[in-house]
Student: 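Please read through the structure below; I'll follow up with questions.
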Amino acid sequence: MNPLLALYHRLLDQHGHQGWWPLKGNYHPKDYSFPHNDLEKFEIGIGAILTQNTTWKNVEKSLLALGSCLSPSKILDLSDAQLQDKIHSSGYYIQKTKKLKNWANFFIKINHCTPTREELLSIWGVGPETADSILLYAYQIPIFVVDTYTKRLLIKENLISSNANYAQVQAYCESQLPRQYELFQEFHALIVENNKS
DNA sequence: AGCCAGGCTACCG
DNA sequence: CGGTAGCATGGC
């Protein structure tokens with residue numbers, strides 16, 4: 001077993017199955033069938049944008065405040081001021097209001113199709129980690145999500161060099177792991193959980 | 001009191 | 001191009 005796969009199993013033993021992506025506040029350990037519909041896919045994108053450089057705790061408050069507005073058309077029906085108010089706790093609320101509406105417009109435009117990475121990256125407000133999180137958790141595409149924790153951990157474990165960029169870290173991880181979306185989902189969640197404790 | 005959160009964009013040299 | 005200030009709240 002290679003060092004990265006060994007690290008995955010160590011984290012899994014230590015923290016158990018994480019059941020990401022949380023939907024309506026619910027985790028679903030060992031059930032990799034989610035999302036079950038378009039609305040859940042949309043909600044994953046909302047959460048991925050709101051959690052940019054922000055704790056999930058603050059995002060949960062926003063998602064609760066959004067409540068029944070978690071659909072593309074309802075997000076677009078809100079005025080900027082109304083939406084800003086609902087997502088206030090997530091920080092950067094002016095920018096994130098624009099980002100959420102961009103995601104809603106995009107989601108309507110793709111009309112139930114699976115977006116490509118390039119399409120997602122073309123949205124103002126969606127960068128590499130957000131795009132890859134959407135592809136991995138909303139569309140079950142085995143693409144490795146790299147965040148600051150991932151990089152920090154892999155540097156500490158001497159698996160990558162400290163000046164590696166996003167694409168290089170991602171390519172390394174994908175080359176060392178079986179290409180299974182279930183494993184990729186679990187691994188990223190475990191890395192985040194590992195950094196909380 | 002500061003530093004950090006499940007980043008991204010714009011702008012700088 | 002690679003590097004970085006600005007965005008903003010809440011928790012510790």
Student: Given that both distances must come in under 3.5 Å, which nucleotide forms a Watson-Crick or G-U wobble pair with B:dC3?
Tutor: C:dG11
Student: Within a strict 4.5 Å, meaning less than it, do heavy atoms of the A:L83 and A:L66 side chains meet?
Tutor: yes
Student: Strictly under 3.5 Å: I want the nitrogen or oxygen pairs between protein and nucleotides 8-11 of chain C, one per line.
Tutor:
residue : atom : partner : partner atom : Å
C:dA8   : OP1  : A:I94   : N            : 3.1
C:dA8   : OP1  : A:Q95   : N            : 3.4
C:dA8   : O4'  : A:Y92   : N            : 2.9
C:dA8   : N6   : A:Y92   : OH           : 2.3
C:dA8   : N1   : A:Y92   : OH           : 2.8
C:dG10  : O4'  : A:N58   : OD1          : 3.4
C:dG10  : O4'  : A:N58   : ND2          : 3.1
C:dG11  : OP1  : A:K61   : NZ           : 3.2

Student: Nearest whole Å is fine: how far is B:dC4 P from A:D147 CG?
Tutor: 16 Å
Student: So, does A:N105 use its side chain to make a donor-acceptor pair with the main chain of A:K101 at under 3.5 Å?
Tutor: yes
Student: Provide the distance between the two P atoms, one in C:dA8 and one in B:dA1, to the nearest whole Å.
Tutor: 25 Å
Student: Please state the C1' separation for the pair B:dG6 and C:dG3 - nearest whole angstrom.
Tutor: 23 Å
Student: Looking at A:N165, is its backbone amide N or carbonyl O close enough to the side chain of A:Q168 to form a donor-acceptor pair, meaning the two atoms are under 3.5 Å apart?
Tutor: yes
Student: Please lay out, stage by stage, how A:E186 and A:Y32 fare under the test side chain to side chain donor-acceptor pair (under 3.5 Å).
Tutor: CA-CA 9 Å; A:E186 203 65 74; A:Y32 300 96; 2.4 Å; yes
Student: Any N/O pairs under 3.5 Å between the protein and nucleotides 10-13 of chain B? List them or say none.
Tutor:
residue : atom : partner : partner atom : Å
B:dA10  : OP1  : A:W124  : NE1          : 3.1

Student: What class does the angle between the rings of A:Y137 and A:W20 fall in, given that below 30° is parallel, 30 to 60° is tilted and above 60° is perpendicular?
Tutor: tilted
Student: Which residues in residues 8-33 of chain A have at least one heavy atom lying under 4.0 Å from any atom of DNA chain C?
Tutor: none
Student: Has the side chain of A:E60 got a donor or acceptor atom that lies under 3.5 Å from a matching backbone atom of A:G25?
Tutor: no
Student: Quick one: do A:T54 and A:K96 satisfy side chain to side chain donor-acceptor pair (under 3.5 Å)? Show the steps, please.
Tutor: CA-CA 11 Å; A:T54 300; A:K96 283 178 178 175; 2.9 Å; yes
Student: If we only count heavy atoms from C-beta on, is the A:I134 to A:Y139 side-chain gap below 4.5 Å?
Tutor: yes
Student: Identify, between A:T51 and A:G125, the residue whose nearest nucleotide on DNA chain B lies closer to the 5' end.
Tutor: A:T51
Student: Given atom CG of A:L120 and atom P of B:dC8, what is their separation to the nearest angstrom?
Tutor: 12 Å
Student: Round to the nearest Å and state the distance from A:F187 atom CZ to B:dG6 atom C1'.
Tutor: 15 Å
Student: For A:F144 and A:F187, I'd like to know if the aromatic rings sit close, meaning centre-to-centre distance below 6.0 Å.
Tutor: yes
Student: OP1 or OP2 of B:dG7 sitting under 4.0 Å from any side-chain N/O of A:T148?
Tutor: yes
Student: Got a donor-acceptor contact below 3.5 angstrom from the A:Q140 side chain to the A:F34 backbone?
Tutor: yes
Student: Using atom CG of A:D132 as one end and atom C1' of B:dG7 as the other, report the distance to the nearest whole Å.
Tutor: 13 Å
Student: Which part of the nucleic acid does A:V126 contact within heavy-atom distance under 4.0 Å: base, sugar-phosphate only, or nothing?
Tutor: sugar-phosphate
Student: Report yes if at least one side-chain N or O of A:R152 is closer than 4.0 Å to OP1 or OP2 of B:dA5; otherwise report no.
Tutor: yes
Student: Please state whether the rings of A:W21 and A:W56 are parallel, tilted or perpendicular, taking 30° and 60° as the class boundaries.
Tutor: perpendicular
Student: Counting the atoms with a prime plus P, OP1 and OP2 as sugar-phosphate, which does A:L50 contact under 4.0 Å by heavy atoms, base, sugar-phosphate, or nothing?
Tutor: nothing
